[in-house]
Amino acid sequence: MHFTKIQDNISVDTIIDEISMFPSFDSQICIQGVKENDDPLFGIGVGGGKNSWERKQNHNYKSTDFKYTLFHHCDYLNELIKKYNMTYTRLMKLKSKTCLSHHKDKTKRLHIPLVTNEHCWLVVNKKIYHAEADGSYYIVDTTKMHTAINASYEDRLHIVGNVQ
């Protein structure tokens with residue numbers, strides 16, 4: 001299965017409240033970092049082709065090395081990250097009327113939708129899915145070719161982390 005919804009009682013409002021104090025960012029910001037580096041933009045790569053892990057990085061860390069809490073005031077969100085055993089967790093913004101490149105990743109990703117609407121989709125292996133911000137989370141097999149589309153007039157916001 002490429003897209004699995006898992007019912008939970010995640011408090012989206014609590015997460016939105018906690019992340020409201022994050023610094024301004026363009027498309028993504030790391031919630032987890034590497035030991036001895038607290039820069040939330042450190043793990044954000046640029047460029048790359050259809051294999052997102054080819055993105056140019058300014059470090060030699062693996063995504064599993066990104067496991068240290070960067071925002072200590074986010075008690076609830078940090079508990080969820082620990083509960084779901086996530087690494088390289090980021091807050092990802094998909095701006096209105098945009099999409100991501102068609103690519104694949106080395107690991108599956110766990111998505112917690114925070115802000116979305118009926119005009120936002122994930123496309124995995126040419127199948128279209130919608131992730132609701134209803135307190136559920138989603139396991140997405142991003143080792144398959146995929147993209148995200150925001151065909152609406154508002155930004156989409158997801159917590160996204162690697163899972164095994």
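For the numbers below, each heavy atom of this structure counts, side chains included, while hydrogens, waters and symmetry mates do not.
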Checklist line | Lys95 and Asp26 ion-paired at < 4.0 Å | finding: yes
Notebook entry, point to check: In the hydrophobic clustering (ILVMFWY, side-chain contacts below 4.5 Å, transitive), which residues join Phe3, or is it alone?
Noted result: Leu122, Val124, Tyr129, Tyr138, Val140
Checklist line | Minimum heavy-atom distance between Gly43 and His59, given as atom pair plus value | finding: CA-NE2, 4.1 Å
Item checked: Nearest-0.5 Å distance, CG of residue Leu80 to CD1 of residue Ile15 -> 5.0 Å
Next item on the list: Could you list who else is in Met1's hydrophobic cluster, with ILVMFWY side chains joined at under 4.5 Å, directly or through other members?
Entry: none
Note to self: Clusters formed by hydrophobic residues whose side-chain heavy atoms approach within less than 4.5 Å: which one holds Ile128, and what are its other members?
What the structure shows: Trp121, Val123, Ile149
Can you give me every donor-acceptor pair (side chain of residues 156-164, partner residue at least two apart or in another chain, under 3.5 Å) with its distance?
residue : atom : partner : partner atom : Å
His158  : ND1  : His111  : ND1          : 2.8
Asn162  : OD1  : Arg109  : NE           : 2.4
Asn162  : ND2  : Ser63   : OG           : 3.0
Asn162  : ND2  : Thr107  : OG1          : 3.4

Item checked: NE2-NZ distance between His103 and Lys144, expressed to the nearest 0.5 angstrom -> 14.5 Å
Next item on the list: Could you list the residues that satisfy side chain to side chain donor-acceptor pair (under 3.5 Å) with Asn60, not counting sequence neighbours?
Entry: none
Please list, one pair per line, the donor and acceptor atoms closer than 3.5 Å that link side chains of residues 64-76 to other protein atoms, with sequence neighbours excluded.
residue : atom : partner : partner atom : Å
Asp65   : OD2  : Lys62   : N            : 2.9
His73   : NE2  : Glu18   : O            : 2.9
Tyr76   : OH   : Ser11   : N            : 2.8

Margin query: Using side-chain heavy atoms (C-beta onward) and a distance below 4.5 Å, is Asp105 in contact with Thr143?
Written below: no
Checklist line | Separation of Leu114 CG from Ile16 CD1 (nearest 0.5 Å) | finding: 5.0 Å
Item checked: Audit row: Ser136, Asp8, side-chain contact (heavy atoms from CB on, under 4.5 Å) steps and yes/no -> CA-CA 5 Å; Ser136 299; Asp8 207 341; 5.6 Å; no
Margin query: Please determine whether residues Leu110 and Leu91 belong to a single hydrophobic cluster, defined as Ile, Leu, Val, Met, Phe, Trp and Tyr linked transitively by side-chain heavy-atom distances below 4.5 Å.
Written below: yes
Next item on the list: Report yes if the side chains of Tyr137 and Thr4 come closer than 4.5 Å at any heavy-atom pair, otherwise no.
Entry: no
Note to self: On the six-membered ring of Phe25, is Lys93 placed so that its NZ or CZ lies under 6.0 angstrom from the centre and within 45° of the ring axis?
What the structure shows: yes
Notebook entry, point to check: Rounded to the nearest 0.5 Å, how far does SG of Cys30 lie from OH of Tyr88?
Noted result: 5.0 Å
Check: Given the rule that I, L, V, M, F, W and Y join up when any side-chain heavy atoms are under 4.5 Å apart, are Met92 and Leu77 in one cluster?
Finding: no
Item checked: Spatial distance of atom NE2 (His146) from atom NE2 (His2) [nearest 0.5 Å] -> 12.5 Å
Notebook entry, point to check: If every non-hydrogen atom of Tyr61 is compared with every non-hydrogen atom of Lys35, which pair is closest and at what distance?
Noted result: OH-O, 4.4 Å
Check: Is the shortest side-chain N to carboxylate O distance from Lys104 to Asp141 below 4.0 Å?
Finding: no
Check: side-chain hydrogen bond (donor to acceptor under 3.5 Å, both in side chains) between Ser96 and Glu154: does it pass, once the steps are laid out?
Finding: CA-CA 5 Å; Ser96 67; Glu154 65 181 35; over 6 Å; no
Item checked: Pro113 versus Val12, closest heavy-atom pair with distance -> O-CG2, 3.8 Å
Check: For the residue pair Asn117 and Ser152, what are the closest heavy atoms and their distance?
Finding: ND2-OG, 3.0 Å
Next item on the list: Show the numbers, then the answer: is there a side-chain hydrogen bond (donor to acceptor under 3.5 Å, both in side chains) between Thr98 and Asn150?
Entry: CA-CA 5 Å; Thr98 62; Asn150 182 352; 5.4 Å; no
Next item on the list: Output, in order, the C-alpha distance, side-chain angles, deciding distance and verdict of side-chain contact (heavy atoms from CB on, under 4.5 Å) for Asp17 and Asp13.
Entry: CA-CA 6 Å; Asp17 187 48; Asp13 291 336; over 6 Å; no
Notebook entry, point to check: Out of curiosity, Ile29 CD1 to Ile19 CD1, how far, rounded to the nearest 0.5 Å?
Noted result: 10.0 Å
